[in-house]
Amino acid sequence: QVQLVESGGGLVQPGGSLRLSCAPSGNVFSISAMGWYRQAPGKQRELVASITSGGSTNYGDSVNGRFTISRDNAKNTVFLQMSSLQPEDTAVYYCNANMKRWPSNPYYSSYWGQGTQVTVSS
């Protein structure tokens, strides 16, 4: 079973930066959109940023201008560069990708990572 594996979370001081990475744990046939979501305690999961296979990006209002999403299609990896982090950015960050595992799959299926904790605190 293929999973999405995230890395790069941790504790950072306000104003600091972190870079998250996410890739499938095994081989897949094709990946279309990839993205990052986050969920803070007591809040709903929200979109942070997404990117299509062609490189078009979309950002949540709360992170626009501070975070940058990118991807390496050759390595099936998506990145989230986070700058000017604030305490309100504290959350579990989840990777999402629409993937076809096999050429015979007629549709893309949505996969989620297990999440990585980002804590912004002095």
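These numbers come from a predicted model, not from an experiment.
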Restricting to non-hydrogen atoms, name the atom on Ala91 and the atom on Gln117 that form the minimum distance, rounded to 0.1 Å. O-NE2, 3.4 Å
Report yes if the side chains of Pro24 and Ile31 come closer than 4.5 Å at any heavy-atom pair, otherwise no. yes
Backbone N or O of Met99 within a donor-acceptor pair of the Ser109 side chain at under 3.5 Å? no
OG of Ser50 to CG of Leu80, rounded to nearest 0.5 Å, is 11.0 Å
Heavy-atom distance under 4.5 Å between the side chains of Thr68 and Tyr59, does that happen here? yes
Nearest heavy-atom neighbours spanning Ile69 and Gly35: CD1-CA, 4.1 Å
Met82 vs Val118 side-chain heavy atoms within contact, under 4.5 Å: yes
Please report whether the ring centroid of Phe67 lies less than 6.0 Å from that of Trp36. no
Who passes salt bridge (Lys or Arg N to Asp or Glu O under 4.0 Å) against Arg66, sequence neighbours left out? Asp89
Indicate yes or no for a side-chain donor-acceptor contact from Thr77 to the backbone of Lys75 under 3.5 Å, with no hydrogens or angles considered. yes
Is the side chain of Asn105 donor-acceptor paired with the backbone N or O of Tyr107 at a distance under 3.5 Å, no angle test? no
For atom CG of Asp61, decide whether the heavy atoms of other residues, nucleotides or ligands shown that lie under 6.0 angstrom number more than 12. no
Nearest atoms (heavy-atom pairs only) where Cys22 meets Met34: O-CE, 4.4 Å
Which donor-acceptor pairs under 3.5 Å do side chains of residues 4-18 form with protein atoms, sequence neighbours excluded?
residue	atom	partner	partner atom	Å
Glu6	OE1	Gln114	N	3.2
Glu6	OE1	Gly115	N	2.7
Glu6	OE2	Cys95	N	2.7
Glu6	OE2	Gly115	N	3.3

Would you call Trp112 and Gln3 a side-chain contact if the rule is heavy atoms closer than 4.5 Å? no
Distance under 6.0 Å and angle within 45° of ring axis: Arg19 vs Phe79: yes
Could you check whether any side-chain N or O of Gln39 sits under 3.5 Å from a backbone N or O of Tyr37, counting only pairs where one atom can act as donor and the other as acceptor? no
Lys/Arg cation over aromatic Phe29: Arg101, 6.0 Å, 45° cone: no
Reported OH-to-CG distance for the pair Tyr94 and Leu47, which is rounded to 0.5 angstrom: 15.0 Å
Any side-chain heavy-atom pair from Ser30 and Tyr108 closer than 4.5 angstrom? yes
Student check: side-chain heavy atoms of Asn76 and Val28 closer than 4.5 Å: yes
Within-4.5 Å side-chain heavy-atom neighbours: Val92 and Arg45: no
Taking Arg71 for the side chain and Thr52 for the main chain, is one N or O donor matched with an acceptor at less than 3.5 Å? yes
Asn96 (side chain) donor-acceptor with Tyr111 (main chain) under 3.5 angstrom: yes
